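Accompanying notes for the structure given below.
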Amino acid sequence: MKRLSALLATCATVLGFTALLSPQAAAAAGCKVDYTFTNQWQGGFQAGVKVTNLGDPVSGWVLKWTWPDSGQKIVQGWNATWSQSGSTASAANVDWNRTLATGGTADLGFTGSFTGANPKPTAFTLNGVACTGSVGGEEPPPDPGPDPGTGTPVGINGQLKVCGVNLCNQSNRPIQLRGMSTHGIQWFGKCYNTASLDALAKDWKSDLLRIAMYVQESGYETDPAGFTNRVNSLVDMAEARGMYALIDFHTLTPGDPNYNLDRAKTFFASVAARNADKKNVIYEIANEPNGVSWTAIKNYAEQVIPVIRAADPDAVVIVGTRGWSSLGVSDGSNESEVVNNPVNATNIMYAFHFYAASHKDNYRATLSRAASRLPLFVSEFGTVSATGGGAMDRASTTAWLDLLDQLKISYANWTYSDANESSAAFRPGTCNGSDYSSSGVLTESGALLKSRISTPDTFPTS
Ligand code: IDC
């Protein structure tokens, strides 16, 4: 049967209609692909792709893969006929490498461009058959999973949980995570790459990366699969560096999260299933509800949280609060509406956001009071005004951060980006280069945040 398919494949290819055959008809029984980066530069890369046929000999083949990040484009390839449809790349044999004996190899390569992350594809097919890299019944060695690294925030703290009003680590001790938020990944994807995340983990010693996935404003709603992939690849990049990843469903306008309820269910079902075994993931289900009652927010939360729990039962979930996650203060209310009517779920925290130049003593008083009643997470704050611009308020920012440190409340600062606004940590244009470490690339806000975040953590282990 296999011989017959090979023969059919040969005839078909000679006649030039390989594409008309069902994939199985021209199938290779097994294959292995080595995809290596031979060079990378800002926005571009070169990759070598070595394919080894582990099955029956083939004459005429097509190698395919789908990038987990949709930002890659093949610019120019060699040793194959290259094409791309969406995030799926295809390399078809050229005349001289048409035949691949069992054990035979073909060495291909291409230059590409990318936006966002540039993860390697993980699944390949040769003539429609998955390249599992094994022959016959041999199983590939089990994947031990990435090592978060001893001494990293995830390595020390492991799976987090809410205990009382605190965020606790695997030793059941309260901890505070200090880190940065991306800007909208639909606009600033180029800022999140190997060099910038290395700087965040190693120079800033950040404990977490908040991944701000806008839903509107050219975000998730325009390309659900693409944005889901980009979030997942940023989760992996954080994990590889031992950082927590806060997946932020960045609703903003409209302010009623129920407008995006179906999208939220679809998105969280997918990311929670995909990341369930990871220890570094925290879910934030609605960035900043506004113009909407606490009852409506609570109702949204009680529909989305079970979707997450069904796939990933033990992850911490953060719920946005009324008035742009101000616990209601920006709407003239306060924390009592949550204290008296909490979300019916366990292992959750409530978001509190502030912008230091706009939100001062009465907001700090609310947070201080609420901190003994509710588990709070400052999943976003700025050193500037609530517009994201204006002058940095050093005194107010310092008062806020001292308070958060004292209360062991975790935080993420808006933004780890080079946006042309004073809330950004990097000067405009930084993300077009590869230097994220020198002091010259930092804004005033970036310098202050880096000095606060990079001080040693005190994570108790017993
Ligand atoms: C701001 C960005 C700005 C963008 C605007 C609208 O800094 O570049 O044009 O959003 O998308 C928030 C929001 C956050 C805001 C930020 C500053 O969560 O999306 O980002 N802010 O205005 N809440 C309070 C302030």
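Atoms considered below: every heavy atom in the structure, side chains included; atoms not considered: hydrogens, waters and symmetry mates. None of these values were measured; they are calculated from a predicted model. Atoms within each ligand, like the ligands themselves, are counted from 1 in listed order.
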Enumerate the pairs of nitrogen or oxygen atoms, one from ligand 1 and one from the protein, separated by less than 3.5 angstrom; state names and distance to 0.1 Å.
from     : atom 1 : to     : atom 2 : distance (Å)
ligand 1 : 7 (O)  : Trp414 : NE1    : 3.0
ligand 1 : 7 (O)  : Glu421 : OE1    : 3.3
ligand 1 : 7 (O)  : Glu421 : OE2    : 2.7
ligand 1 : 8 (O)  : His183 : NE2    : 3.1
ligand 1 : 8 (O)  : Glu421 : OE1    : 2.9
ligand 1 : 8 (O)  : Glu421 : OE2    : 3.2
ligand 1 : 10 (O) : Tyr214 : OH     : 3.1
ligand 1 : 11 (O) : Tyr214 : OH     : 2.8
ligand 1 : 11 (O) : Glu217 : OE1    : 2.8
ligand 1 : 11 (O) : Glu217 : OE2    : 3.2
ligand 1 : 18 (O) : His250 : NE2    : 3.3
ligand 1 : 18 (O) : Asn287 : ND2    : 3.0
ligand 1 : 18 (O) : Glu288 : OE2    : 3.4
ligand 1 : 18 (O) : Glu380 : OE1    : 2.9
ligand 1 : 18 (O) : Glu380 : OE2    : 2.9
ligand 1 : 19 (O) : Tyr214 : OH     : 2.8
ligand 1 : 19 (O) : His250 : NE2    : 2.7
ligand 1 : 20 (O) : Trp414 : NE1    : 3.3
ligand 1 : 21 (N) : Tyr355 : OH     : 3.3
ligand 1 : 21 (N) : Glu380 : OE2    : 3.4
ligand 1 : 22 (O) : Ala386 : O      : 2.8
ligand 1 : 22 (O) : Thr387 : O      : 3.1
ligand 1 : 23 (N) : Glu288 : OE1    : 2.6
ligand 1 : 23 (N) : Glu288 : OE2    : 2.7
ligand 1 : 23 (N) : Glu380 : OE2    : 3.4

Run the salt bridge (charged side-chain N to carboxylate O under 4.0 Å, His left out) check on Arg178 and Asp457 step by step: do they pass? CA-CA 9 Å; Arg178 297 172 295 159; Asp457 287 304; 3.0 Å; yes
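Ion pair Asp69/Lys120 not flagged as a salt bridge, since none of the NZ, NE, NH1 or NH2 atoms sits closer than 4.0 Å to an Asp/Glu carboxylate oxygen.
Between the side chains of Asp312 and Tyr283, at least one donor N or O sits under 3.5 Å from an acceptor N or O. Between Gln186 and His250, the side chains place no donor N or O within less than 3.5 Å of an acceptor N or O (distance only, hydrogens not considered).
When every heavy atom of Ser206 is checked against every heavy atom of Gly179, the shortest pair comes out as OG-CA, 3.2 Å.
Side chains of Met243 and Trp204 form no contact here, defined as non-hydrogen atoms less than 4.5 Å apart.
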